[in-house]
Each structure stands twice: as C-alpha cells, then as structure tokens.
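Report on the structure given below.
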Amino acid sequence: MISKTFQEKFNPSQQAAVSFTGQHALILAGAGTGKTRTIIGRAAYLIESGVSPSKIQILTFTKKAANEIVERVRSQFPESTAISLKGSTFHSWCNQLIVKYPNLFGASTYTVIDQDDQLSIMKMVCGEYKEDFGRLRLKPQQLIDLYSFARNTRKNLTESIRILLFKDRKDRETEYEITQQRPYIGNLLKAYQSKKGNSKYLDYDDLLLAVSTQLHQNEEARRILAMDLEHLLVDEMQDTNPLQWELLKPFAQVCRLYCVGDDAQSIYSFRGADFRNVHSFKERVPDSTVLKLNINYRSTQHILDLANWLLARSPIKYDKKLVSNITEGSFPVVMNVSDQWQESSWVAEEILNGFQQDDKFFGDHLVLSRSQYYTKTLQAVFIRKKIPFVTYGGRKFLEAAHIKDVVAVLRILNNPFDEIAWVRFLTFWDGIGDVRASRALGNIVAGDGSRPIGTLVKDALPGQDGEKIGDLIGELELSKGDVGQLVTKTFEAMELGLAYKYRKDWQEKRKADFEVLQLLAKSYGSLGEFIGEGLLDNAANLNKSHVLSGSELSPSEDRDHVIISTIHSAKGLEADTCFVLNVSPKVFPSTRTLHDPEAIEEDRRLLYVALTRAKNRLFITRNIDSIQALTKGDEIINEAKDIPTESYFLSDLPDSLVEQRTYEHTFDKPRDVGTPNTMDLSSGMDFS
DNA sequence: CCAGATGCTTTTTTT
DNA sequence: AAGCATCTGG
C-alpha cells in the first residue's frame, strides 16, 4: 500500500518515524530535520494504510501551520480522499468540540474573549473591589497574568504569586508578603471568575480547561470522543504547557498519540510551556517509543556550526548536534552597526543587492527580531526604499480598535450578556462615557433575554441617546441571520462616528479595513461561528497570511515580499537569507531575564530558533556601542546593573565561525536604486 | 460628578 | 498605538 516514492522522499530515520507501528510515539526532531515533512508523511501514510482521514486530528499552535500541513497532505491524494482530515490549533479544536457537544461540556451560548477583554473585565472588578485592589501594588494586567499562569501551569495561587511576583524566592520575608497579599488577590480573581461566568465568557484557557476537565472526570466523554478519533498528531510538543498536557493525557487511553518536538526550540515558558512534556514523555505515556531525527536538510554546515556552538555553551544538555547534508556555503556575517537606522539601511541594501545581482526574490529574505516594536525603523526604511514586505506577529486584525468597535455590535447580538461589547458599543456614541454605560449595563444585562434588545436599551438609557441607540440595535438585529449584511449595515450606521474617532488616520489606513472585515464576515456561515472561530483562527492571523486582492481574501504567499517577523512567530519558517536583528548585549539575553537562569536559557533557545531559520546566508546585526561597553568598561556595567559579561551569548565568539564587519556607509545617502519591477506597496500592511 | 481632550510614556514573546 | 495622568468645560 505504500507509494513507490516513499523511500526516495524520506531518509531511514524519517521512514521509521513515518511508518511507526507501535502505540504512542514521540519524535525528537532538531531544527530543519524535516519535522513538518514527517507529520505530513505520517498523516499520508496512515491514510494510505486505510485509516479514515476523519479519524486523524492534527494539532498545532497556529492556524497557519495547521492549514499548511492539512493542505499538503490533501494534495497527495485524489480530490476528495483526504478532505475530512482535520487540523486545528489546540484552542480552536477545543472550541469545536464544545460547539459540537454542548451537553457534554455544558456551554451553549458563549463568547470567546481575548486578552484585551480579559483585561477590561479585570479592570471592572478592580473598580468594584476598590478595598482589596487598593491594598495591592498590582496592575490589573498582572492579576490576569497570575490567573492565567496558575491555570496553565496547574500551580496553586501561592506558588503562582511566588514565581510571578517574587521571582520564586522562598525566604521568610517573601513568605510573609505572600500570606499578606494572597487573600486579596484571591478575592479579586474569584470575582473576576464569577463575572466571566455571568457574562458567559470563555477565555482561551477556559476552552482547554472545559474539555480537559470533562475528559478526566467523565468516562462518557472519553467514550464519545474516542469514536471520532484514532490518531492525534501533535506538532511543537515542546511548547505545550501542563494544561495542554492534561488535555492530551486522556487521549492516550482512547487513541494513538504521535507527538513531534524539539526541546532546543522551547520558547514559550512565559505562557507556561514545559519541555518536560518532551523529556518525560516516555515515563508518562506507557507503551510509547521515542524516535530521533538528526540530519538537517535546511542550513549549510557553517550556519549549524554557529547554532551548535551557541547550544553547547548552555548549562543545559540538549544532546544535540545538528549535522548538515550541505557542506559548502558562506560564513554567517556579524554586522556591527552604531544605530537602528544604520542597521535598517544595511538590511535594505543587502536585500536589494540580492534582488538585483543574485536574482533572489524578496521572498527569499526573512528578517527576525525579538520584538515587533523593534522593527518599526526597518519598516520605515523598507517603505522608503520600496521593498515590499509583510509582518508576522503583532496586533491582529480583529484586535484593532476600529474593528473592535464594529464587532462589538455583532457580539451583543450573538450574546446579549456580553458586557464588554455593551460598554464598547455604548461608549462609542458621543456623550456616553464609562459611567453612564456601566449604569445602563446593570439594567440591560439583568433582562432574561425575552424582551427585544432595542427596548431594553431604551429603558436602561432614558432620553434621546437611548432612543437612537435602541432603534439602531433593534434594526440591526433583523439582519442577525446574514453576517455579511449585518457587518455592512453596522458599518454604515457607525461610519461617521468611526471617521471622527479615528480622524488621525482614518482615510489612509483604517477605512479600508472594513472591506476586509466584510469579506471575512461573509466567509462564515453564522454569527456564532464568526465570533467564535473568527477570533481563534484565520481572522486572528489575517495580517500574517492574507492580503486583500481584488474582491477576495487571498493568501499573501502569492506575492513576492520580504517577511518581517518576531522570532516567536517565525517557528517553522525558513528562508534562503535570514537577518537576525540586534543580537546585542542586554538583548540576548534580555536584561529582564537576568535574574533567572531558566529564562536566560530560554533566550538562548530563542536565538537558536532564529539562527536555524537560515538556509544559505545568515546575517546577524548588533550594536557596536554596547559591544565596546562590554569589552572596555566591564566594571561600569557590572557595577551598574550587575550584569556578568559572560552572559552575553556572543561574547568570546570564535573568529573561525563568523565573518565580522562594521557598517561603513552613512545611512543618509539613500542610493537611488530605482524601482525593481512593479511592486505593490499595499502588501506592506499591518494593523499595528 | 461626568465626558472628552491633551500631552506624556512605553513597548517581549502568543493562543 | 494605546495606556495613563491631568486638565477643561459642562
């Protein structure tokens, strides 16, 4: 049953992984060793062996990765053979299960909320419980972090407070402080939780928690899900956190687990990822096998030498040395620059050189940065030099303020208990602020849902304002069944207000987004789907993977452009030429992580991920002043901030591994490079 | 007490 | 770009 090309497509260890016949497997796959290929191959292999595609579920961390894997599997089969193969993110998968089995998980009408919404609720709570909140020197965001951390790591409140607020200290004074603060924090979190429940909100963690709790407690739930599922294929296993592990664990009893990961690429501990899910896999999962993939097909040996050198200097033993099957190639370049403008100019020049002289495409270039914010200068330079680009990471389409204003109406119609949406919608109108809105809210939400929404508003908000808004929402409710039409009408009703509220950049930037929103809305069958899945899936990643072309949303992969990405968002990406920005002291590792050895090592892995994205050419930039400060004035730095020199990842970098350069040009002379080809600058869109 | 405008600051990383 | 503190006009 196995296709002829099987042996040509995979090396022996990949073949072993793809055609694994045991019960459960963990595939340890170093960067560039064909991790994605192996998952794709595995799914295809299973289907060829007669497993029904509908009983295979692929889990990844981003929708993009899921789609890509599923598409590539489907393309290996005649038309509809693999159409029922499913791939989703953990969160979206749970959301689908909850929708599919409302009785099992006890949630029918609910709204999935994002981090902004969580914060808004917590702010309301802190306002209501001024007493408790006033005794703490905490921001609402920190309380949210605490809440989420505790649930994702399955730790109790005391431990979570200790780790997040007291750097994991265990001395007497800390103990005392924790005992003092814990009751107040506890009260606020409880209030937050009950408010969340009353408004029928599920946050991201709730989605996982609801499913995992039922699976653990309820034999029936396990039985039902077992009927749907034979194989669970999990990507990026090293990024799973204890909560996600809780979710996966029960499935070891009802289906076969096939997890793929690389402990050296674990970079999500800030949201509770625990790479012991990889290290302890064999002990935790009975009847499991661990397989390894070691040959790197992506990068030249020079690039891997640098990556290997970086990992070898870690106190953690990764038991990993990547070996390439590509021996030739140039050395990685470390470029010393004196400021961000130089850095950006140099990157732009290098890309244009590649484009003009080496026949490279813009798409062959990937620019990586630690933070989204840092690439602002670069984006400015790219626009000036007419280099087309897209940004990965950063603010999502549906999270932009002007989009949220319109979506608030949809949320209200979808779930009349949605207080956040109510406040947003009410305060949108002139003359209504926080106070009047929250007062009106009490009356609106108190309704049992039997009365028309429009009338509720009129009662809760006497006067002209209420009359106007009540009529509006009542009328919009009539279009509830047609998401596309609803968006159009809502936008029409709000356009004037929006244009005023965002007058600074309405015409140039924001107005056009509503076309996108309408197209997006049309692609969903129902309001509930749009609100729920839209937030979790492609809409959330719209700025990453889609651009508006003509009258439809199309994958931006069609166009040739440079990709600018945070390193976190770049996992799984690769490019011929890769720029890693600002690998300077105090950044790698970051000064904020220096108190914590584990966090330093996570930063090291982050850099490791960045370096291993490059196939042929790797360019690293760093700030020359901070390097000189390191070598000349150690004592100043050490004294000032207590930063040990050796904590900089690239200190003592052997000359044999890289080529060092220093930027010569002055950036002020933008050499006229002309316009290579016809390029569409609109692809340089993002919503930040 | 309320809504809105203005000026200042500050950015990790994401589902 | 968005949060925060502060001011102004009602």
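Heavy atoms only: backbone and side chains are in, while hydrogens, waters and symmetry mates are out.
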To the nearest angstrom, how far is [X] atom [atom1] from [N] atom [atom2]?
{"X": "Phe270(A)", "N": "dT14(B)", "atom1": "CZ", "atom2": "P", "value": "6 Å"}
{"X": "Glu602(A)", "N": "dT13(B)", "atom1": "CD", "atom2": "P", "value": "14 Å"}
{"X": "Ile113(A)", "N": "dT15(B)", "atom1": "CD1", "atom2": "C1'", "value": "13 Å"}
{"X": "Glu236(A)", "N": "dT13(B)", "atom1": "CD", "atom2": "C1'", "value": "15 Å"}
{"X": "Arg605(A)", "N": "dT13(B)", "atom1": "CZ", "atom2": "P", "value": "18 Å"}
{"X": "Asp145(A)", "N": "dT15(B)", "atom1": "CG", "atom2": "C1'", "value": "14 Å"}
{"X": "Gln372(A)", "N": "dT13(B)", "atom1": "CD", "atom2": "P", "value": "7 Å"}
{"X": "Leu202(A)", "N": "dT15(B)", "atom1": "CG", "atom2": "C1'", "value": "14 Å"}

Does [X] make a side-chain N or O approach to OP1 or OP2 of [N] shorter than 4.0 Å?
{"X": "Lys139(A)", "N": "dT10(B)", "value": "no"}
{"X": "Thr427(A)", "N": "dA3(B)", "value": "no"}
{"X": "Ser569(A)", "N": "dT13(B)", "value": "no"}
{"X": "Arg439(A)", "N": "dC2(B)", "value": "yes"}

What is the nucleic acid contact for [X], judged by heavy atoms within less than 4.0 Å: base, sugar-phosphate only, or nothing?
{"X": "Phe61(A)", "value": "sugar-phosphate"}
{"X": "Tyr268(A)", "value": "sugar-phosphate"}
{"X": "Lys123(A)", "value": "sugar-phosphate"}
{"X": "Ile567(A)", "value": "nothing"}

5' to 3', nucleotides 5-10 of chain C under a 4.0 Å protein heavy-atom cut-off (B base, S sugar-phosphate only, - none) gives ------
Nearest to side-chain heavy atoms of [X], which nucleotide of [options]:
{"X": "His91(A)", "options": "dA3(B), dA2(C), dT15(B)", "value": "dT15(B)"}
{"X": "Arg370(A)", "options": "dT12(B), dA3(B), dT15(B)", "value": "dT12(B)"}
{"X": "Thr89(A)", "options": "dT15(B), dT13(B), dA2(C)", "value": "dT15(B)"}
{"X": "Ser371(A)", "options": "dT13(B), dT11(B), dT15(B)", "value": "dT13(B)"}

Can you classify the ring geometry of His402(A) versus Phe514(A) as parallel (below 30°), tilted (30 to 60°) or perpendicular (above 60°)?
perpendicular
Let me check something: any side-chain donor-acceptor pairs from residues 139-146 of chain A under 3.5 Å, sequence neighbours excluded? List them with distances.
unit_1	atom_1	unit_2	atom_2	d
Gln141(A)	NE2	Asp145(A)	OD1	3.0
Gln142(A)	OE1	Lys139(A)	N	2.9

For [X], ring pair (Phe, Tyr, Trp, His ring centres under 6.0 Å) partners two or more places apart:
{"X": "Phe270(A)", "result": "Tyr268(A), His568(A)"}
{"X": "Trp422(A)", "result": "none"}
{"X": "Phe61(A)", "result": "Phe90(A)"}
{"X": "Trp429(A)", "result": "Phe425(A)"}

Sorted by chain and residue number, the side chain to side chain donor-acceptor pair (under 3.5 Å) partners of Lys501(A) (sequence neighbours excluded) come out as Asp405(A)
With sequence neighbours left out, the residues meeting side chain to side chain donor-acceptor pair (under 3.5 Å) with Gln118(A) are Tyr192(A), Asp203(A)
**Message:** Please determine whether any donor N or O and acceptor N or O are separated by less than 3.5 Å between the side chain of Tyr204(A) and the base of dT15(B).
**Reply:** no
Give me, pair by pair, the N or O atoms of the protein and of nucleotides 5-9 of chain B that are less than 3.5 Å apart, along with how far apart they are.
unit_1	atom_1	unit_2	atom_2	d
dA5(B)	OP1	Tyr500(A)	OH	3.3

Heavy-atom nearest nucleotide on DNA chain B taken for Gly433(A) and for Asp603(A); more 5' hit belongs to Gly433(A)
When Gly431(A) and Ser590(A) are each assigned the nearest nucleotide of DNA chain B, the 5'-most assignment goes to Gly431(A)
- Report yes or no: is the cationic atom of Arg605(A) (NZ for Lys, CZ for Arg) closer than 6.0 Å to the six-membered ring centre of Tyr608(A), at no more than 45° off its axis? no
How far apart are the C-alpha atoms of Tyr374(A) and Gln340(A), what are their side-chain angles, what is the distance that settles it, and do they pass the side chain to side chain contact (heavy atoms under 4.5 Å, CB included) test? CA-CA 9 Å; Tyr374(A) 187 83; Gln340(A) 256 199 67; 3.4 Å; yes
**Message:** I want to check something: taking the side chain as every heavy atom from C-beta on, are Tyr147(A) and Gln193(A) in contact at a cut-off of under 4.5 Å?
**Reply:** yes
